[in-house]
Amino acid sequence: MTLDRARLEETARAMVAEGKGILAADESNATMTKRLEAVGVESTAESRRFFRGLMFTAKGAADHISGVIMYDETFRQTTADGTPFPELLTQEGILPGIKVDTGAKPLAGFPQETVTEGLDGLRDRLRDYRELGARFAKWRAVIRIDTGLPTRGCLEANAHALARYAALCQEAGIVPIVEPEVLMDGEHTIDRSEEVTAAVLHTVFDRLAEQRVLLEGIVLKPNMLLSGYDCPVQAGVEEVAERTLACFRRVVPAAVPGIAFLSGGQSDDRAAAHLSAMNTIGGVPWELTFSYGRALVGAPLRVWSRDNSKVAEAQAALLHRARCNAAGRRGEYSESMEHEPVA
Ligand code: 13P
């Protein structure tokens, strides 16, 4: 089957369009249950639908959000008036995306490491999602840093799966978000983050090439290079930005249209500040934007907390975070934005 290269390239470019980034609202039911319970909300299909609907109907979101990644349950849910979420987003000018991996599972023979699964039956699932309106997909590989970790076996297994997934997506006319996440949990230094992230990206791009993935038709979703969250010495914003770009320049081919970073547990303001500092430095061949989960979804969730009189306030909190990150995407975020009125 020949690829619809023009469509893939056009979609990928739209995902990283100027001034915009991606909302990662694709928490699995298990993860969303943790997030909801943390703010005192019981997790049911209805509470998950209500909260996602609150975000997707926030007026003006499309000014800063190019696409939304959803979980299978959400992808099949509707607004109160019965409009399927993918259709609603498409009407608003936002690209619907779908998480298609089935999670990180223990990697046999490699204690403490995981491989992300979901390749079996993926061709058929992609065809179904495409019929329901999906324009892009996501698959997240998880790499842990610790003494002696990650292993080469873990890197290879995850990179191979990411490349097979990406090739299947492109065959189906769906742009793959390629997400190899190196976790920043732990005491490791930023030097170690750099060493591991570079090795991961080298392996991923080797495997993408072997599987004949069209680089112009993907979006890379990586971690930034940070000091491990428990490292006693924490790199500042400028150092994170400089080192992340220096590392990526060496490893990420210029054909990739855009890099949409994950937030990975950083505070909301740090996630915006790091992105802004990278865009201020600039001079790179790819668009640099966000594909944040927690750094976008956390604020509206805390405001809403199942109090339906606060829907408008929660939507304003989402838009505020989207504005801050969109400013970061242009290199124009400053801490003072955090003190602007939210509504
Ligand atoms: P975070 O921004 O919370 O890391 O989530 C992004 C994501 O989609 C992880 O797969």
Side-chain angles (χ1 to χ4, degrees), residues 15-16 21-36 38-39 51-52 55 64-75 95-105 114-118 134 136-145 158 161-162 165-166 169 175-186 193 197 200 204 218-226 228-229 240 244 258-275 278 288-302 317-318 321-322 324-326 328-329:
M15 289 163 65
V16 296
I22 296 166
L23 167 62
D26 61 322
E27 300 88 349
S28 64
N29 286 349
T31 302
M32 199 58 201
T33 295
K34 274 191 241 155
R35 305 255 193 275
L36 286 166
V39 297
F51 178 67
R52 263 67 175 256
M55 292 195 291
H64 313 296
I65 303 291
S66 58
V68 172
I69 320 172
M70 285 169 273
Y71 185 59
D72 180 78
E73 177 185 81
T74 316
F75 209 82
L95 298 166
I98 177 76
K99 185 227 296 287
V100 297
D101 68 65
T102 55
K105 306 286 162 56
T114 60
V115 62
T116 298
E117 296 187 349
F136 70 95
K138 175 186 124 171
W139 178 291
R140 172 176 177 252
V142 184
I143 309 294
R144 195 175 144 218
I145 299 181
N158 277 291
L162 270 170
Y165 140 82
C169 284
V175 169
I177 290 185
V178 174
E179 180 177 1
E181 176 174 6
V182 179
L183 297 177
M184 291 299 137
D185 301 299
S193 296
T197 304
V200 167
V204 167
I218 73 164
V219 169
L220 179 68
K221 175 164 173 168
N223 52 285
M224 301 173 191
L225 300 192
L226 307 179
Y229 294 134
V240 165
T244 301
I259 297 179
F261 289 96
L262 58 93
S263 61
Q266 303 177 55
S267 63
D268 292 356
D269 53 341
R270 269 298 167 110
H274 285 146
L275 179 63
M278 285 189 274
L288 297 172
T289 190
F290 59 90
S291 175
Y292 292 164
R294 282 161 286 181
L296 276 171
V297 174
L301 185 58
R302 286 188 292 275
L318 171 71
R321 292 273 32 103
C324 287
N325 291 314
R329 197 236 172 287

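Every number for a ligand or one of its atoms is a count from 1 in the order of the listing.
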Considering only heavy atoms of [X], which atoms of ligand 1 have at least one such atom less than 4.0 Å away?
X      : answer
Lys138 : 7 (C), 8 (O), 9 (C), 10 (O)
Tyr292 : 2 (O)
Gly293 : 1 (P), 2 (O), 3 (O), 5 (O), 6 (C)
Lys221 : 6 (C), 7 (C), 8 (O)
Ser263 : 1 (P), 2 (O), 3 (O), 4 (O)

- Do Tyr292 and Leu262 come within less than 4.5 Å of each other through their side chains, counting heavy atoms only? no
Please state which part of [X] comes within less than 4.0 Å of ligand 1, counting heavy atoms only: side chain, backbone, both or neither.
X      : answer
Ser291 : backbone
Arg140 : side chain
Ala24  : side chain

- Query: Is any side-chain N of the basic residue among Arg302 and Asp268 closer than 4.0 Å to the acidic one's carboxylate O?
  - Reply: yes
Indicate yes or no for a side-chain donor-acceptor contact from [X] to the backbone of [Y] under 3.5 Å, with no hydrogens or angles considered.
X      : Y      : answer
Tyr165 : Arg140 : no
Lys99  : Asp26  : yes
Arg329 : Val16  : yes

- Query: Rounded to the nearest 0.5 Å, how far does NZ of Lys221 lie from OG of Ser291?
  - Reply: 3.0 Å
- Message: To the closest 0.5 Å, what do you measure between CD (Glu179) and CD1 (Ile218)?
- Response: 12.5 Å
- Gly264 touching ligand 1 at heavy-atom level, < 4.0 angstrom: yes
- Query: Considering only the protein, which heavy-atom contact is closest to atom 9 (C) of ligand 1, and what is its distance?
  - Reply: Glu179 OE2, 3.2 Å
